[in-house]
There are 4 protein chains.
Amino acid sequence: MVGRGRPRDTEIEAKVLDAAMTEMRARGYDGLSVDRVAERAGVAKTTIYRRWPSKAELVMAMITELTSAVPFDPTGDPRRDLGEFVAGIAAALDAIPTTLVADLVAAAAREPRVGVGVRALWAHRHAAVSEAITQAQADGLMPAHADPRIIVDQLVGALYYRLLVTGDPIDPAYVRALVLSTLGPEQS
Amino acid sequence: MVGRGRPRDTEIEAKVLDAAMTEMRARGYDGLSVDRVAERAGVAKTTIYRRWPSKAELVMAMITELTSAVPFDPTGDPRRDLGEFVAGIAAALDAIPTTLVADLVAAAAREPRVGVGVRALWAHRHAAVSEAITQAQADGLMPAHADPRIIVDQLVGALYYRLLVTGDPIDPAYVRALVLSTLGPEQS
Amino acid sequence: MVGRGRPRDTEIEAKVLDAAMTEMRARGYDGLSVDRVAERAGVAKTTIYRRWPSKAELVMAMITELTSAVPFDPTGDPRRDLGEFVAGIAAALDAIPTTLVADLVAAAAREPRVGVGVRALWAHRHAAVSEAITQAQADGLMPAHADPRIIVDQLVGALYYRLLVTGDPIDPAYVRALVLSTLGPEQS
Amino acid sequence: MVGRGRPRDTEIEAKVLDAAMTEMRARGYDGLSVDRVAERAGVAKTTIYRRWPSKAELVMAMITELTSAVPFDPTGDPRRDLGEFVAGIAAALDAIPTTLVADLVAAAAREPRVGVGVRALWAHRHAAVSEAITQAQADGLMPAHADPRIIVDQLVGALYYRLLVTGDPIDPAYVRALVLSTLGPEQS
DNA sequence: GCATAAGCGAGACGGTACGTCGCGTCTTGCC
DNA sequence: GGCAAGACGCGACGTACCGTCTCGCTTATGC
């Protein structure tokens, strides 16, 4: 083999994702056009398609970058760990315009590839959280009657539901109350 | 005042909405084309645009018509009542293509009016459910430590979350487990 | 037989034709829309279609009214009669925007019905003029070698040609020279 | 400067213009649809609109390409030369659908640029013919009383007039008669 | 004097074409 | 090989007209 050709410009990823984010905020998923993203990023359309095979994929990449900012590092204290997990998600959702979240959810439902990506993302996180819950149940720190995956649904689902459907506020007090309600009172 | 012109054909609304529904089920939101809807409904494209100024608006109309109320008729047995409430919502969500629900959510976030409408719909239902829970708590049939509104968030939110985010199935077993997890085990 | 129904409003013809004229001046044949004409005339579209079965027919009516303003009343002096005939046409063409004439010619070529109408109009006039020329030839007032119909083509055609193709001016001097050239010098 | 992008496919112009010509002959101006032209040319509609901003513009391009010069090569025999000139124009007009000629005339009246172009085309031709006539008059081969430019108007104008206004046929016999009528009988 | 028949304004409707926009692919030439 | 530039095929969008239709109302006529 000979020369492997010109290496990819590593700054392009960020520029494009930034531009896509701006467009998404301004016009939503449907209004986001690859041509405009390219122009805003100062990049050729070809260059975008070389990295992401479709608009859906591009949006997916954007989401992944956004959401992966919520970590889950269990300390062993399940109450505290879950509390921080939920608070982290709440903070992340708060940092993004609601419209964007809604559009992404809609895009996930409409575009199979986006849906797959989003689900994979969550599946990964859920696994970690579920495992921690299972451990806590085994350690007798949490009631054993509940399926860990359902507990996650209840916690995260309540946040999404408030944000997207009822529009009620999500403040630290709510997060605390939610965790309390889900895990039950401290098992002294 | 004088004649108001030829009146609108009242059957057209239903025919078009039906056709749109069929198309939506078959090809999803993006695959839904106004031309095809018109053809299927046996109606001119112009006639559709006279009623709904854009494809989005048309889909919105379809959704809101579908989102008919899930009834809540408490019997006094909170466990059973909530179980049926959740099961009813699950059934309703199951009957509608996921895309529709996602689009409604997105539309609610984008269009203030839609948002107000959707929220009003839910607020009404929530009030009834919350009241029943409060009553059950007062009767000692349910643990008193939890805010009734949060319980509703957990129940309904979990459903939406599964449907829109994780894509995990929502079957009767899940509904039972969800209610059990939320209300805690039977107080003997 | 019983009642013959409400009689047609006789003012409508003029109002509509006027409105059509205005529209035609402003936007040409293609840009003329029946809806706009109706609105401008303060009349329902139906009312227009009751009188003229199509847009082409309407335009035809307009033309007829315009062009029928050029009379031909022979006095017996062929030179003078033809001179006045040509001058009259020149004056009529001068009173109408060139664009309009061009559009009408184009409409006549495009729309069979308009074409038929225009041709009928001219045929009538030509017959009168030709006859007068024939008479003059019989009386020895004009050279007999030329077909009268061709003489008319030469006279009128030159005017149209100048107006529509070369754009050269059509002034009284030109008209005189044209007649002179066509009829030859006075036969003493 | 850098790459100028994918070059335009040079064969497309001809393919589209050809297709347009065919459609125009078959269905006339109004019946010519850009969609059909695109399909016949095996080209996307967008590609057509990239080159010609509207249907009118496309037709114009077609016309101007067709209006190739009718040659005028005087032999010194004015009768014959003019006869051939007129016959050539008649043949050219006969080869093109009348609608095209009419549309060109209309476009020339409406669009200044088109007008200038058309007039320049004719001015050039007229100059040559007028000069030949002047020469013939000087040689005593033609009556001197007539302005050469008017003779041209009469000859060509009569053709246009027949074609566009009266619709009468333009056959060789007519051409002969027209020349005879315009130039007068042979000066033996 | 009252029914009948046509005229009229208003505007919905079926069609057909228009011109635009976006996606994803392609073809250049330069780096 | 990457990249900018931009042409291209495809397919949908929303708009503008045309000519027809259906309302409710008005206006003459003639029995």
Side-chain angles (χ1 to χ4, degrees), chain A residues 2-9 12 30-36 38-39 42-58, chain B residues 1-10 12 30-36 38-39 42-57, chain C residues 1-9 12 30-36 38-39 42-57, chain D residues 1-9 12 30-36 38-39 42-56:
Chain A
V2 281
R4 219 127 326 108
R6 173 174 172 180
R8 290 201 178 170
D9 183 336
I12 284 181
D30 281 4
L32 183 156
S33 116
V34 177
D35 280 271
R36 256 196 306 277
E39 194 184 4
V43 143
K45 215 170 28 150
T46 332
T47 304
I48 294 184
Y49 277 100
R50 191 172 298 113
R51 287 167 170 75
W52 302 280
S54 74
K55 171 179 158 177
E57 224 83 10
L58 168 61
Chain B
M1 262 306 128
V2 283
R4 212 102 345 107
R6 175 173 173 177
R8 294 204 173 170
D9 184 335
T10 49
I12 285 182
D30 280 6
L32 182 157
S33 114
V34 177
D35 278 275
R36 256 196 305 276
E39 194 180 4
V43 143
K45 205 172 35 152
T46 333
T47 300
I48 295 185
Y49 278 103
R50 192 172 299 114
R51 288 170 167 71
W52 303 280
S54 72
K55 170 179 161 177
E57 222 78 13
Chain C
M1 264 301 138
V2 280
R4 216 139 315 115
R6 173 174 173 179
R8 293 200 176 169
D9 184 335
I12 285 182
D30 280 4
L32 183 156
S33 115
V34 177
D35 281 271
R36 256 197 306 278
E39 194 182 4
V43 143
K45 218 175 18 154
T46 332
T47 302
I48 294 184
Y49 278 101
R50 192 171 298 113
R51 287 167 170 72
W52 303 280
S54 74
K55 171 178 158 176
E57 224 83 10
Chain D
M1 264 307 124
V2 283
R4 215 104 342 108
R6 174 174 174 178
R8 292 204 174 169
D9 184 335
I12 284 181
D30 280 5
L32 183 159
S33 115
V34 177
D35 279 275
R36 255 195 308 275
E39 193 182 4
V43 143
K45 202 171 40 152
T46 333
T47 301
I48 294 184
Y49 277 101
R50 192 172 297 114
R51 288 169 168 73
W52 302 280
S54 73
K55 171 180 160 177

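In the text below, chain A, chain B and the rest are named by the order of the sequence lines, each starting its count at 1.
Residue C:Lys55 comes nearest to C:Leu32 through the heavy atom pair NZ-O, 2.9 Å, listed as atom of the first residue, atom of the second, then distance. For the pair C:Val43 and C:Ile48, the tightest heavy-atom approach, listed with the atom from each and the gap, is CG1-CG1, 4.0 Å. Here the closest non-hydrogen pair linking D:Ala38 and D:Ala44 is CB-C, 4.2 Å. Across all non-hydrogen atoms, the minimal contact from C:Gly31 to C:Arg36 is O-NH2, 2.7 Å.
Looking at heavy-atom distances under 4.0 Å, C:Leu32 makes contact with sugar-phosphate atoms alone, never a base. Using a 4.0 Å heavy-atom criterion, one finds that D:Ile48 contacts no nucleic acid atom at all. Heavy atoms of D:Thr46 sit under 4.0 angstrom from at least one base atom. Among the heavy atoms of the strands lying under 4.0 Å from D:Gly42 are primed sugar atoms or P, OP1, OP2 only; no base atom is included.
No hydrogens or angles were tested; on distance alone, nothing pairs the side chain of D:Arg4 with the base of E:dT28 as donor and acceptor under 3.5 Å.
B:Glu39 places its CD atom 10 Å from the P atom of E:dG15, with the value rounded to the nearest Å. Atom P of nucleotide E:dT16 and atom CG of C:Asp30 are separated by 20 Å, given to the nearest angstrom. Residue B:Tyr49 contributes atom OH, which lies 18 Å from atom P of E:dA12 at whole-angstrom precision. Rounded to an integer number of Å, the gap from CG of A:Asp9 to P of F:dG1 is 18 Å. For the pair D:Trp52 CH2 and E:dT20 P, the interatomic distance rounds to 15 Å; values are reported in whole Å. In this structure, CZ of C:Arg6 is placed 9 Å from C1' of F:dA28, rounded to the nearest angstrom. Rounded to whole Å, atom C1' of F:dC18 lies 8 Å from atom CG of C:Asp35.
You'll find that the side chain of B:Ile12 is closest to E:dC13, out of E:dG9, E:dC8, E:dC13. In the set F:dT20, F:dG14, E:dT20, F:dG14 carries the atom at the smallest distance from any side-chain atom of B:Lys45. Among E:dC18, F:dC17, F:dG9, the nucleotide with an atom closest to any side-chain atom of D:Lys55 is E:dC18.
Between C:Pro7 and B:Arg51, the one whose closest nucleotide on DNA chain E sits nearer the 5' end is C:Pro7. Residue whose closest nucleotide on DNA chain F sits further toward the 5' end, between D:Ala44 and C:Ser33: D:Ala44. DNA chain E is contacted by both D:Ser54 and A:Val34; D:Ser54 maps to the nucleotide lying nearer its 5′ end (nearest heavy atom per residue).
Two residues are said to be in side-chain contact when any heavy atoms from C-beta on lie closer than 4.5 Å; C:Arg50 and C:Thr46 meet this criterion. A:Thr47 has its side chain within reach of A:Arg51: a pair of non-hydrogen atoms, C-beta onward, lies under 4.5 Å apart.
Of the side-chain N and O atoms in B:Thr47, one or more sit less than 4.0 angstrom from OP1 or OP2 of E:dG14. When the side-chain nitrogen and oxygen atoms of C:Arg36 are compared with OP1 and OP2 of F:dA16, none of them lie within a distance under 4.0 Å. Regarding contacts with the backbone of F:dC3, a side-chain N or O of A:Arg50 is found under 4.0 angstrom from either OP1 or OP2. Taking side-chain N and O atoms only, C:Arg8 has a distance below 4.0 Å to OP1 or OP2 of E:dG7.
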